[in-house]
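Single-structure report; data block below.
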Number of protein chains: 2
Amino acid sequence: MATGRTHRPATRSRGIPEATVARLPLYLRALTALSERSVPTVSSEELATAAGVNSAKLRKDFSYLGSYGTRGVGYDVEYLVYQISRELGLTQDWPVVIVGIGNLGAALANYGGFASRGFRVAALIDADPAMAGKPVAGIAVQHTDELEKIIDDNGVSIGVIATPAGAAQQVCDRLVAAGITSILNFAPTVLSVPEGVDVRKVDLSIELQILAFHEQRKAGEEATPPERETAGTGEPGVATTPKPSAAASHRPAAGGPGGTGGHSGDGNRQGPDGDVPAVMPA
Amino acid sequence: MATGRTHRPATRSRGIPEATVARLPLYLRALTALSERSVPTVSSEELATAAGVNSAKLRKDFSYLGSYGTRGVGYDVEYLVYQISRELGLTQDWPVVIVGIGNLGAALANYGGFASRGFRVAALIDADPAMAGKPVAGIAVQHTDELEKIIDDNGVSIGVIATPAGAAQQVCDRLVAAGITSILNFAPTVLSVPEGVDVRKVDLSIELQILAFHEQRKAGEEATPPERETAGTGEPGVATTPKPSAAASHRPAAGGPGGTGGHSGDGNRQGPDGDVPAVMPA
DNA sequence: CAGTGTGAATTCTTTCACAGCG
DNA sequence: CGCTGTGAAAGAATTCACACTG
């Protein structure tokens, strides 16, 4: 819990686990919905279900924030909304700039979820001169030339990159040079940024590939029991590339299947529990 | 096929760790780029840098696939591209349907990253009759009424939901009933699906909130070096903890962030390493 | 030797299960 | 009594570090 926090235990002391931070927005959304329905309190069980996690995890997560619940009763919805918002830094206004107003950029600009969460689209920036001045989501698009000025004038610290992959790094560099310290990147590229700058990536293609992996596994399960390295089965574009000498395949066979028993309770949950990034660019 | 006793261990899809699966697309992208530049081989170090991870992790990941490298040399690019593609199930064609052709849906439809990765947009579906027939990204939008037929006719197993939150669950139910077993959800809602169906969520609002959390932390850290240490071991920095009874107390300026001047060693982490989802809908 | 492959050590997460408070 | 808050146990994921091989 929050109480026993020491003062800077030397290096790395994140306070709240990253995994927990990543779930707070989820709880917040569920709580907001309850709040709108004027529900006064929720139990960890109910809230967990609404957020798509299990109650033990939720309670543990909340325990990092402090003891905001009431034993035998549950959590006060309004109070918790406030506490989580504060923890996430949403009680303040965050101006955001979106660079790259293509299909995706426009979609983001039109997203209504910003304002309601403390975010404000301060500006839309695009490199195409033809876009300049055109209103998107009620905001006039500005040209890239103005980038530095816009960021400076508005004290923006969060930038969203929705440009094509090729322009991403360059835009990123300018954003960082202009003072941006947090970037949400939709371009399918690995951005390199100086220390101190946070980058989160959203990549559709990657998400689909992860789904494909599981999908493939399901299919093979119901039709073919043991999947072998079979090279045949005609490959689309990729041709068999028996390059490396030892083409001998190795079955994954990581640990021993023999299973060390283990097996946790029920399992079965709907959301992909702990994964990674996700979407793409225009 | 409906009665498939699909049992998913929640984690570790029988062989390859979930965390590794989530990174394979990253490696694949980096490898593809190398391939296009006709680079014959790469060392774990180089590839890791290109993918934004560290070499130890990369080697460990690859070890789950098998021994595809050559000691003292590195990995054969083409061969590895094939192996990873196969592992991810990208050597086959995956028809995909996108439901909800608003700003985001259109952006997704226009995304070029599909075809190059084994995905094919089989259909665009929207509930608005006015949209029916209109071409988006070269494909005529079809009405929701056709949903079941489309999925059945094309043998689609992966669906993308880009509808408003309110319609998501309903669309989801129909998709599942029609035979879809993998869903990529852009709507800010927790979808409930029967066992055996995979759901991945992409939520922009959540990503931004996570960034805000870190941003807030940075600000408090640099701006307040000698921050008044947490109330002498008593309460954390958390403002006063009133009582979860009345609530409804919204205070703009956050009191004092719960100290914990952690300061992480590497703030410039490229990929959100072990987090969660990411984007949003129209 | 350079660089992979991997057991072992370490760190982070999740889950269990239950004491204890309202 | 019901439900929170939490130590402790169990499980992943990441990192180390080094034997071993082409």
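To find a chain, count down the sequence lines: A is the first, B the second, and so on, and within it residues start at 1.
Whole-Å rounding puts the B:L26 CG to D:dT14 P distance at 12 Å. C:dT4 atom C1' lies 15 Å from atom OH of B:Y79, rounded to whole Å. One interatomic measurement links the two molecules: OH of A:Y64 to P of C:dT15, which rounds to 12 Å at whole-angstrom precision.
Of the candidates B:T189, B:N185, B:V199, B:V193, B:C172 forms a side-chain contact (heavy atoms from CB on, under 4.5 Å) with just one, namely B:V193. When each of B:D198, B:L90, B:V21 is paired with A:F213, the side-chain contact (heavy atoms from CB on, under 4.5 Å) condition holds for B:V21 and for no other.
Look at A:Y75 and you'll find a side-chain N or O under 4.0 angstrom from OP1 or OP2 of D:dG5. A close approach under 4.0 Å does occur between a side-chain nitrogen or oxygen of B:N54 and OP1 or OP2 of D:dT15. Residue B:R71 places none of its side-chain N or O atoms closer than 4.0 Å to OP1 or OP2 of D:dC18. Phosphate proximity of C:dT15 to A:K57: present, with a side-chain N or O under 4.0 Å from OP1 or OP2.
For DNA chain C, the neighbouring residues in residues 32-45 of chain B, judged by any heavy atom under 4.0 Å, are B:S43, B:S44.
Distance from the side chain of B:S67 is smallest to C:dG5 among C:dA8, C:dG5, D:dG7. Listed candidates were C:dT14, D:dG22, D:dC16. Nearest to the side chain of B:T70 is D:dG22.
Of the two residues near DNA chain C, A:D61 and B:G72, the one whose nearest nucleotide lies more 5' is B:G72. Toward the 5' end of DNA chain C, the nearer of the two residues A:K60 and A:V73, judged by each one's closest nucleotide, is A:K60.
Judged by distance alone, the side chains of A:E36 and A:T32 never bring a donor and an acceptor atom under 3.5 Å apart. Inspection of the B:E45 and B:T49 side chains reveals no N or O donor paired with an N or O acceptor under 3.5 Å.
The two residues B:V39 and B:V77 have their closest heavy-atom pair at O-CG2, 3.3 Å.
In summary, the aromatic rings of A:Y68 and A:Y79 are positioned with their centroids under 6.0 Å apart.
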